[in-house]
Amino acid sequence: MFQRHITKRPKMAPVLVLWLAMCLGATWAVDRGNFKTCDQSAFCKRQRALKPGDSPYRALLETMELTNTRLTLQLINDNNKVRLLLELYRLQGNITRVKINELKPLKPRYEVPDVLIRDPPTEPLSVLSQDESGVVLSLGVESQRVIVSVRPFRLDIMEGHDVLMSLNSRGLLAFEHLRMRKDTGAQYTLVVFDFQATKEEEEKAEEGMWEETFKSHSDSKPNGPSSISLDFSLPGVEHVYGIPEHADDLKLKTTDNGDPYRLFNLDVFQYELYNPMALYGAVPVMLAHNAQRTTGIFWLNAAETWVDISSNTAGKTVFGKMLDYVQGSSEIPQTDVRWISESGIIDVFIMLGPTPKHVFSQYASLTGTQSFPPLASLGYHQCRWNYNDQEDVRSVDAGFDEYDIPYDFIWLDIEHTDGKRYFTWDPHKFATPKEMLQGLMDKKRKMVAIVDPHIKIDSNYKIHNEIRSRGFYVKNKDGGDYEGWCWPGNAGYPDFTRADMRAWWASMFAYDQYEGSMENLYTWNDMNEPSVFNGPEVTMHKDAVHGDWENRDVHNLYGLYVQMATADGLVQRSGGVERPFVLTRAFFAGSQRYGAVWTGDNAAEWDHLKISIPMCLSLGLVGISFCGADVGGFFKSPTPELLVRWYQTGAYQPFFRAHAHLDTPRREPWLFGPENTALIREAVRQRYTFLPYWYQQFYHAYRTGEPVMRPLWVEYTQDPATFAVDDEFLIGQNLLVHPVTEEGARGVTAYLPGKEEVWFDIHTFQKHNGAQNLYIPVTMSSIPVFQRGGSIIPRKMRVRRSSSCMEHDPYTLYAALNARGVAEGELYIDDGHTFNYEKKEFIHRRLSFSNNVLSSVNLVPDSHFTTNSWIERIVLIGSSKPAKVTLKTADGNESQLEFDFDASMSVVTVRKPGMNAGADWTVTLQ
Amino acid sequence: NKMLSSEMCIHILVIVLFCCGSADSRKVRGISSSYKRFYREKKSFLCIDGSKLIPFEQVNDDYCDCADGSDEPGTSACPHGRFYCTNLGFRPHYIPSSRVNDGICDCCDASDEYNSHARCQNTCWNLGQRERAYVEGQMRTLDEGLRLKQQLIEEGVLLWREKQAQLRELQQVAEDLQIKLEEHRRKKREADRFKEQTLRALKGGDGGKSFHLKRILICLFCNPYSISLDEVKAEVVPVHDEERHLGDDEAMVRLKFLTINIRKVCWVLIWLQCSTKSRRMFCFLSDLQKKLAIDYGTDWEFLFLNGQCYKLKVYEYMYTLCPFNHITQKSTAGTEVTLTCGTETALRSVKEPSKCQYIMDFQTPVACQPVLKQRGVHSEL
């Protein structure tokens, strides 16, 4: 139809735009004043004032009790005579657990539940030797010992003559015992402990101990001071990683000249990069690595936590280090770490490696592995705040078909609800949600709708009424329902720490409860730090009460519980058959069991694109593999170049979702001209060709706890050149990705690791040697990705509208040969969406090429699954030209296969071997 | 008889052979008739881009041999291939190869899902019916729209002429007014001068007098046409001098003197009035000129929209579009108005894809174009 376009711009527009620009300019970047520094957090200030020195703690050997699985020992603080109880466990898989609590606390102190997947199985401990200065305990294997020193108390974990880790070696063990408030007159209970308390001790007990004010918010602190602290020394270690979530480099920095890294789940508006401020999630796990060993520290505490890092080599230049080396080294490098938490107990798991993969499996044995996601969730996700109505959803969906770009999920943000009442739909804009969902289902696509944990206080809202009548809301310090402001205005916050509340919440996802929902509707939990617009630091008051505990104790767990309950709901609605998909913004240790996380409200800036790599790498190291950043950046509007580069990067990161703020102009992939559309299409298509590999990597992560997206040092543990690399990464072992993250880039320099390795450009098959910095010229279409020689990667080259449309498609096997002419890989296939893989309904095969024979063998003989997929092509990269290629199937039949040979890149392409992907076969090159 | 029948047999055979010959290339799935010549059954097949020669068995064998995808028009094997839906009874079209056997019915003749779990119905006839009905409806709309448009054009032309005439008239009036104004301006200057003189003359006497005369003058300014001798007396007498009464003669002299001056002074007022009038006049004129300077289309068919407003309620918001004027509903940073052909003039839809960015669909007969009619006739139905 002929159309005529007229664009009208009222005179007001320029003024308005200018005003907006000024507004945005002024508000851009985090308002640091909204968030506490260590100095503004009373316990952190108190603790940090304590300097390294002799510890006042002494071990009371006469109290030592050793059972088969546990050693207990009392510690006494010689300053105030308060006694602590130390528990030491040897856990299966080379983990030592150290617990320290008050021997007789005034009331119980919080111990984090629901994070460990079980009571960790123990192994026997035995005393090797003992005298008045200490005890030596055997850790069973490899001459590993724990030395308990009496005065001052410290623990040293040794292997042979090497100290792997020391606890309290700097004397920073500090335990603020619970006490009665002095001005209440109820001092009698303290008599025993404070009998010998010095005058100084009492004088210190002042500001911020019983009440604390930040901005206009007051924290009533009914339990008084309760913080804990412990230091760890890591001899021989210069590189520590982990403790997400921070917008910072992969390698953690020393914190001597600034604030410690903070772990406290917060909704930080427009977060800044490269600093230790707290963000949406917290995983109190740190990895330490050197060329010989990798270890880990898991500090199981859900309260506000600060982590100080210092290092004796931090200030040294490369020259200084060289000098040390030449002069026979004055001192061994050492990293010292100190953990400080506001409440709870010291419960720390020391994971002794020795390799990164051991640490991953040790940590997985405690908190579980990444949940195995539905295959479709590894495809591309299209999100925006907001798709306005059903017609909008329909037309965006149609746009993907028109421009031939695959996608699996379209997302609805908060505006889809009826007045921010979750589990409902706007009666006008989304009047017939099932019709909309059916339309997506007809295209084999899916939807995610947001369900946040703040509940509008409205007596006409079923969810609110039920929660209120069941008494499921978090309480304020005075015992009433806690209320705060969030999207719907005044809102209540369900107490997700309660199992009965979570069960009820899960039941709300049943198809008959959540009206308008269907099996292709999944869930997004945002704002679950929890975000409270008018709360201190935009979160809940610490004296709010969850059951028997204060928010102070449980704070960092809230987000985990929300996602846990939601994922349960999605599992239950299908009768336990279907895998859930739930995205969360807040998280804690163990969140990997419930779905995906994203890095929150980033911005359309090049630095935010860059930081997405270390942020997701850090999460992967602590078990959370399913990580992504908003493609394009949430705040602000990306240039087409940035948007394209972000798609190219996101296509090679685990969770691949574009998202945009309400105030930004539209940015669906086809809105930036045909060239950019083509570039984005190509990036998304590359993602889809690699889906079989991604899926297999996630299966592997689910089985082992190894990260899907991993830093180079995890695979090249002895190559120091890899230790701080965070502008490139590996997917599994076999793909190395160095995305272009610089504006106007003409080239990138990628480090290709491994002296023995060869790497092949996945686009050109050009071969490069390992252990070199390779300069790669780039154009706008370049995504530098390399396949490791020695690997076989199955791909599906028929990219369709969605991953489900590709289910029965044939595979192409890309076998990249290493210097010895060998390659190995795996192929994993199942139905892609149910839990039947737990019943071994899958195909899992080992593909290996050696001696010019490529074979497929069953890795799990008692597995059972059938597929229509077949092998349509074998690409042997780095192979010499064969005379003939023969296929031999399980029934003994042999047939000749056609092939092509590309002499310039030494690539043999075997044409249509045709065997079923689940069958045994060999292909021989002669 | 026998001879005849065998001859007929041969004929039939020939026909059959011929049929089969053409049937061979028709078996190649996913191509349009114009591409059949590339797929004649031969020993080998040359990729359409000429890049490769492959055995003919490899055409549509579910493996991509040609970089241009031409060997697999009927399967999903080639990444950039395309599949031709014949869609008998509806519109034929190409779909990307990736939509062949993906479990989703794309061709209305179901030809794309020949080997999938999807149970596709042939819906081409229904779609064709619907399409034909739609197109007929569109045609009717177009006919009616074009008729209305013609009307509007005619009205537009008339209106245009009327306005042009009005413009000319106004311009004439304006010119006259300009001249008059000049004249008035001149007289005003004169009057000013007289006023000054009068004032100075009056000032020549004692100060008290001049003060009172000034008051008279001011009074006269207010009401220059209703002054009488008595009033002058009344005004002047009590203030002039307590002891002396003005004689009639003296009063008359003064009145004469005053009225002469008053008449001159009066021009000031007239000028003021005139200039306001003319200002209004010029405003109107320039407004009309501005209006007439807008592009109302070649036939002034959009002229009637000027001064009209159209409203539409979308969810809770009321949108108003006043063509050539302004759009309201919140602050409008950018609004794109799409014009579509219809028999009525109305705002049909408003979308807000991004915040404060609007797309409006405005329907009006004047958007109807005869081009559409031709295209409709040529559509492949």
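In what follows, every chain begins at residue 1, and chains take the letters A, B, ... in the order their sequences are listed.
Side-chain contact check for B/I104 versus A/K444: some heavy-atom pair is nearer than 4.5 Å. Counting heavy atoms from C-beta on, the side chains of A/E898 and B/Q58 come closer than 4.5 Å. The shortest distance between side-chain heavy atoms of B/D61 and A/K912 falls below 4.5 Å. When side chains are defined from C-beta on, A/R685 counts as touching B/P79, because their heavy atoms get closer than 4.5 Å.
Contact annotation for A/E807: neither backbone nor side-chain heavy atoms come within less than 4.5 Å of a heavy atom of chain B. For a residue to count as touching a neighbouring chain, one of its non-hydrogen atoms must lie under 4.5 Å from one of that chain's; by this rule A/W385 does not touch chain B. Only the backbone of A/T664 has a heavy atom closer than 4.5 Å to any heavy atom of chain B. Contacts between B/P96 and chain A at a heavy-atom distance below 4.5 Å involve the side chain alone, from C-beta outward. Of the two parts of A/T689, neither the backbone nor the side chain holds a non-hydrogen atom closer than 4.5 Å to a non-hydrogen atom of chain B. Proximity to chain B is limited to the side chain of A/R801, based on heavy atoms less than 4.5 angstrom apart. In this structure, chain B has heavy atoms under 4.5 Å from both the backbone and the side chain of A/D404. Proximity to chain A is limited to the side chain of B/D106, based on heavy atoms less than 4.5 angstrom apart.
Here A/R800 does not pair with B/D102 in a salt bridge; the nearest charged N to carboxylate O distance is not below 4.0 Å. Note on A/R911 versus B/D65: salt bridge recorded, some NZ/NE/NH1/NH2 to OD/OE distance being below 4.0 Å.
Remark: A/N388 CG to B/K351 NZ distance equals 10.0 Å, nearest 0.5 Å. Atom CE of residue A/M797 and atom OG of residue B/S76 lie 13.5 Å apart, to the nearest 0.5 angstrom. Rounded to the nearest 0.5 angstrom, A/R666 CZ and B/S354 OG are separated by 5.5 Å. A/D392 contributes atom CG, which lies 10.5 Å from atom CD of B/E352 (distance to the nearest 0.5 angstrom).
Of the listed residues A/H808, A/K429, A/K443, the one with more heavy-atom pairs under 4.5 angstrom with chain B than any other is A/K429. Most heavy-atom pairs under 4.5 Å with chain B, from the set A/N868, A/N386, A/L662, A/V799: that is A/L662. Contact count versus chain A (heavy atoms, under 4.5 Å) is highest, among B/A77, B/C78, B/C64, for B/A77.
Taking a 6.0 Å sphere around CD of A/Q896, one finds it holds more than 12 heavy atoms contributed by other residues, nucleotides or ligands. No more than 12 heavy atoms of other residues, nucleotides or ligands lie within 6.0 Å of CD in B/E344, so this atom counts as exposed by the packing criterion. At most 12 non-hydrogen atoms from other residues, nucleotides or ligands lie less than 6.0 angstrom from CZ of B/R348.
A/V910 and B/Y63 make their closest contact through O-OH, 4.1 Å (heavy atoms, listed as atom of the first residue, atom of the second, distance).
Among residues two or more places apart in sequence or in another chain, the salt bridge (charged side-chain N to carboxylate O under 4.0 Å, His left out) test is passed with A/D426 by none. Partners of A/T677 by side chain to side chain contact (heavy atoms under 4.5 Å, CB included), not counting sequence neighbours, listed by chain and number: A/Y403, A/I405, A/W670, A/R681.
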key: Verdict with supporting geometry, B/D62 and A/E872, side chain to side chain contact (heavy atoms under 4.5 Å, CB included)   = CA-CA 9 Å; B/D62 206 13; A/E872 75 169 326; 5.8 Å; no
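Below 30°, between 30° and 60°, or above 60°: for B/Y315 and A/H428 the angle between ring planes is between 30° and 60°, a tilted geometry.
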